[in-house]
Amino acid sequence: MAVSAFDLFKIGIGPSSSHTVGPMRAASGFALEALAAIKDTCADDAPLRVRAELYGSLGATGKGHGSDKAVMLGLEGEKPDTVDPAGIGMRLDGIRERKVLALAGVRNVAFDWREDLIFFRKSLPFHPNGMRFVLVDGSGAAVFEKVYYSIGGGFVVDEKAAASEQMVSDQTPLPYPFHSGDELLAQCEKHNLSVSSLMLANESVWRSPEAVRERLLHIWHVMSECVRAGCINEGVLPGGLKVRRRAPQLYRSLSENPEAGLHDPLVVLDWVNLYALAVNEENAAGGRVVTAPTNGAAGIVPAVLHYYTRFVPGASDDGVVRFLLTAAAIGILYKENASISGAEVGCQGEVGVACSMAAGALAEVQGGTVRQVENAAEIGMEHNLGLTCDPVGGLVQVPCIERNAMGSIKAINAARIALKGDGKHFVSLDHVIKTMRETGADMKLKYKETARGGLALNATFVPVNVIEC
Ligand code: SF4
C-alpha cells in the first residue's frame, strides 16, 4: 500500500472530509459509472430517477455536515477541489425547485430531495460512513446501484475494496517503504535521511521532486488563503447553532494593537489561535479548505505552519515543503495503522492526528533529529488519546473550531518538549498509534460522530434530521 502526501492534503470544501468531501467524490464517481453502465441499455430519453441513501454516522450527522448538499452536487459531477463554494447555494436551490438534476452534468434525471435523499442511523457492514446510490427506470426497477464508504480524510472505497479491507489500492513500490514509526526511524537512520527527505524520495515515484515542491507550495497557498478569508469573513455560521465567527474580531484586535504584544510574550498564542479559528470557521461555513488530514481538523497544520513562517527565525519556502512532507509521513502512519475518521475512532483520529503531524513537522523544521521528530509526533497524540467526537447539533462547529486552536498550541508545545530532549523517550509513536486504535475500538458508538453523546448531548443543540432505522 502506498499513500501519498497528496492523499492526505486534498483541496476541498467544508465542513467535513468524511461527510462532505468523501460523499461528493463517491456521488460523482457513481454518476460516471452509472452513465457508462446504462449506455447501451437505456435510451437517451428513457425516464430515470436517482436515489441516495446515507447510513450510520452519515445518517446521524450528515445534514449538519453538509452530506446532503455534497451528494447532490457530486451527482451533478462536481468535485470537491474544483466546485465553486460561492455558487453552491444557487445550484442546490435549482435542484430542489426543479426536482431534477443533471447526472454527471450531462443527463437529466428525476430527483426529489425530500424523497430521494434518505438518512438512516443504522450502518452498512464495513464502515460507519456508508452510502448506497441507485439509478431506477420508469418502472422503479434498479438499472444500476453501488455502495461506497467514506473512510475518513476524503478517502472513498467501494464495497468490494471495503470487504477485502484493501482501503488503499495503490501498490506502487516506494524506495523507502515504512509501515510503522520504528520502520520510518530505521529507514531514516540507515540511509542518513531526514523524515522529509525520505518522503520526498517516496513522493518522487509519482511526480518529479520539482513537481512535488510546486504542488506542496500550492497546498500552502490554499491554506494561507483560507486563513486570510477566515480573518475577514464576518457573520454567523450556518446550521442553526448561531455560532458567531470570532476570527475577524481577533484579527482586528491583534493588528490594531501590535504594541500590546510588546508587553505580553504570550501574544503569539493569540496569533496561533487566530490562524486555527480562521480555518475552521471557513470550514464550518463550507469554504475552500485543505484536508489535513481531515476537514474537522483542518486548522492545526496551517496554524502551526503559520506560526513557523511568522515567528520562527529563518523560515523559508523550503521549510514549508519539509514541514508538509514530514507531517504527511506521520499522517500516513495513522492512516495505515489506525484511522483518521472521527466516526471510527473519535476525535483523537482527527484533531489528535493533526496535532501529532504538526508537532513532528515543526520539530523537523526547527532542526530536530529524526528521533526528536518521532518524539514530538508521539507527544502530540499521547495527550489526545481518548478524545471523543461529539459535535453539537451534528455541526463541525462546537467543539471542533476551538479544539483546533487547542490542538495547534499543543502541537507547538509537543515540538518544544521534544526539542529540549535527546529523542530518547518512554512511549514510542507506535505505542500511541496502537493505543489510539484500541481506544477507538472500545469507545461507545455515541462518541463517534453520531452527535448522540458528550457535548452533543449536554450542550444546547439543534436536533439533526434522521430517520430511526
Ligand atoms: S469533534 Fe473532532 S472528529 Fe468530531 S466532527 Fe469535530 S473535529 Fe471532527
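Just so you know, these numbers come straight off a predicted model, no measurement behind them. In each ligand, atom 1 is the first atom listed, and ligand 1 is the first ligand listed. By convention here, the first residue in the shown sequence is residue 1.
Lys448 and Gly440 get closest at one heavy-atom pair: NZ-O, 2.9 Å. The minimum heavy-atom distance linking Ser17 with Ser150 is given by the pair O-OG, 4.2 Å.
The contact set between ligand 1 and Glu350, taken as ligand atoms under 4.0 Å from a residue heavy atom, comprises 3 (S), 8 (Fe). Every atom of ligand 1 with a heavy atom of Cys389 under 4.0 Å away is listed here by number and element: 1 (S), 3 (S), 4 (Fe), 5 (S). Proximity to Gly296 (heavy-atom distance under 4.0 Å) selects the following atoms of ligand 1: 7 (S).
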**Request:** Decide yes or no on salt bridge (charged side-chain N to carboxylate O under 4.0 Å, His left out) for Arg252 and Glu234, but give the supporting numbers first.
**Result:** CA-CA 12 Å; Arg252 275 196 303 279; Glu234 306 261 4; 2.6 Å; yes

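Heavy atoms of other residues, nucleotides or ligands lying less than 6.0 angstrom from CD of Glu225 number more than 12.
If you run salt bridge (Lys or Arg N to Asp or Glu O under 4.0 Å) between Asp390 and each of Lys446, Arg452, Arg403, only Arg403 comes through.
Not one N/O/S atom of Cys347, from backbone or side chain, sits under 2.8 Å from atom 6 (Fe) of ligand 1.
Comparing heavy-atom distances from atom 5 (S) of ligand 1 across Cys400, Gly454, Ser16, Gly342 singles out Cys400 as nearest.
Regarding atom 1 (S) of ligand 1, its nearest protein heavy-atom neighbour is Arg403 NH1, 3.5 Å.
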